[in-house]
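Beneath this line is the structure, given in structure tokens, with notes to follow.
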Protein chains: 2
Amino acid sequence: MSPQGKNHEYICSVEAAINEIGGKWKSLVLCSLKDGTLRFSEINHKLPDISQRMLTKTLRELEKDRIISRKVYPEVPPKVEYSLTSKGESVIPILDSLCEWGKKYGASEENWEE
Amino acid sequence: MSPQGKNHEYICSVEAAINEIGGKWKSLVLCSLKDGTLRFSEINHKLPDISQRMLTKTLRELEKDRIISRKVYPEVPPKVEYSLTSKGESVIPILDSLCEWGKKYGASEENWEE
DNA sequence: CCGTATCCCGAGAGATACTG
DNA sequence: CAGTATCTCTCGGGATACGG
């Protein structure tokens, strides 16, 4: 995500927002973190269909955008905890709204020709 | 978008919502329609960087998901108008929130290694 | 336990040209 | 004006295997 990097003029800031929370997994990872800190394996457990590779990648992107924070415990075996930053907390209500919206207009009973 | 089609169990409905309004252009098209009905060329004018092909594709997907409606006037030259459905109207406040969020936490002043 | 490193594929997206 | 039709290519995303 955020392919444009720094110098890109957004027509509207929704674009910026979608870049940060869009994609296949970001919103789900954020939702899974909304009840508190989780370890890597715990997120993976909540999202069984995501691969380790994609989970890592998604977490790195969210971290880079300061939406989540990553805390490493220098132990053996490794322990890493992920949690929402204040920026991350602030987007949760919006994700909740989206969730409600998605539930209300179930993306499922319409038309599909294929 | 919505690659899974009908039979897909969502862990959370945010996923469904992101499928319907995510992607590079959908949110921008919806925002451009929030002040009322627009013709194809008018949307294109508001979003100069979108190609005709992508605009058509985006409009078709939004129409398929019943988020916008398409009205054709049988004239020469052709006239086609796009407007939000009630479902579309209902997602605008959420897009506005996203816009505010994106503006507040400018996706621009952080770190980039590359 | 928490990741990288590779390899790979298809969808998303761009450019350009053409048409009813 | 409002689209198709092609052609191309990047890159998001999946599968699998390996590493500290």
Side-chain angles (χ1 to χ4, degrees), chain A residues 1-5 8 11 15 18-29 32-33 37-65 68-83 112-114, chain B residues 1-5 8 11 15 18-29 32-33 37-65 68-83 112-114:
Chain A
M1 219 53 19
S2 8
Q4 30 266 356
H8 176 75
I11 296 172
E15 204 181 344
I18 290 292
N19 275 340
E20 296 200 350
I21 64 144
K24 186 163 183 181
W25 294 111
K26 283 183 177 177
S27 61
L28 289 173
V29 167
S32 69
L33 281 174
T37 298
L38 288 180
R39 302 180 59 168
F40 185 91
S41 54
E42 293 172 322
I43 303 174
N44 209 157
H45 182 72
K46 288 200 172 194
L47 307 174
D49 289 344
I50 195 175
S51 67
Q52 286 192 328
R53 181 181 117 80
M54 281 311 296
L55 181 50
T56 303
K57 198 163 168 296
T58 304
L59 290 167
R60 292 293 176 279
E61 281 172 15
L62 291 171
E63 190 192 0
K64 170 165 168 275
D65 289 334
I68 63 172
S69 65
R70 178 173 184 262
K71 176 161 188 191
V72 183
Y73 294 85
E75 308 173 357
V76 180
K79 176 178 172 181
V80 181
E81 282 185 345
Y82 294 93
S83 56
W112 24 59
E113 50 287 2
E114 68 272 353
Chain B
M1 217 56 16
S2 10
Q4 30 267 352
H8 176 77
I11 296 172
E15 204 181 343
I18 291 291
N19 275 340
E20 296 200 351
I21 64 144
K24 187 163 182 181
W25 296 110
K26 285 183 177 175
S27 60
L28 289 173
V29 168
S32 69
L33 282 174
T37 298
L38 288 180
R39 301 180 61 168
F40 186 91
S41 53
E42 293 172 322
I43 304 175
N44 209 158
H45 182 73
K46 288 200 173 194
L47 307 174
D49 287 346
I50 194 173
S51 67
Q52 285 191 332
R53 181 180 118 78
M54 281 311 296
L55 181 52
T56 303
K57 199 164 169 292
T58 303
L59 289 167
R60 292 290 177 279
E61 282 172 15
L62 290 171
E63 189 192 2
K64 171 165 168 274
D65 289 334
I68 64 173
S69 67
R70 177 173 184 263
K71 177 162 190 191
V72 183
Y73 294 85
E75 311 173 355
V76 180
K79 175 176 171 182
V80 182
E81 283 183 345
Y82 294 93
S83 55
W112 22 59
E113 49 286 1
E114 67 272 349

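Lettering follows sequence order; numbering is per chain, from 1. Model, not experiment: these values are computed from the prediction.
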### Message
If you only use heavy atoms from C-beta on, which nucleotide in D:dG3, C:dC2, D:dC1 is closest to the side chain of B:R70?
### Response
D:dG3
### Query
When the distance from CG of A:L47 to C1' of C:dC2 is rounded to whole Å, what number comes out?
16 Å
### Base C:dG3 to side chain A:R53, donor-acceptor N/O within 3.5 Å cut-off
no
### Task
Measure the shortest side-chain to side-chain distance between B:I21 and B:S27 over non-hydrogen atoms and say whether it is less than 4.5 angstrom.
no
### Task
May I have the distance from A:M54 (atom CE) to D:dT16 (atom C1'), rounded to whole angstrom?
15 Å
### Query
Any idea which heavy atoms bring A:R70 and A:V72 closest together, and the distance?
NH1-CG2, 3.7 Å
#### Entry: Between P of C:dG3 and NE2 of A:H45, the distance in whole Å
18 Å
### Query
Rounding to a whole Å, what distance do you find between B:L38:CG and D:dG3:C1'?
17 Å
### Message
Heavy atoms from C-beta onward define the side chain here; which of D:dG14, C:dG3, D:dG3 lies closest to that of A:K24?
### Response
D:dG14
### Query
Atom OH of A:Y73 and atom CZ of A:R39: how far apart are they, to the nearest 0.5 Å?
9.5 Å
### Query
Should B:K46 and B:E42 count as an ion pair when the cut-off is N to O under 4.0 Å?
no
### Message
Expressed as a whole number of angstroms, how long is the span from A:L59:CG to C:dT4:P?
### Response
10 Å
### Query
To the nearest angstrom, how far is B:N44 atom CG from D:dG3 atom C1'?
11 Å
### Message
D:dA2, OP1 or OP2 - any side-chain N/O from B:R39 closer than 4.0 Å?
### Response
yes
### Query
Rounding to a whole Å, what distance do you find between A:D49:CG and D:dG14:P?
9 Å
### Task
Using the closest heavy atom to pick a nucleotide of DNA chain D for each, name whichever of B:Y82 or A:I50 lands nearer the 5' end.
B:Y82
#### Entry: Nearest non-hydrogen partners of A:Q52 and A:F40, listed with the distance
O-CZ, 4.0 Å
### Task
Classify the nucleic acid contact of A:S41 as base, sugar-phosphate or nothing, counting any heavy atom under 4.0 Å across all strands shown.
sugar-phosphate
### Task
Tell me whether the OP1 or OP2 atom of D:dT4 has a side-chain N or O from B:R60 closer than 4.0 Å.
yes
### Query
Can you check the B:I68 CD1 to D:dA2 P distance for me, whole Å?
13 Å
### Query
Between D:dG12, D:dG14, D:dG3, which nucleotide gets closest to the side-chain atoms of B:F40?
D:dG3
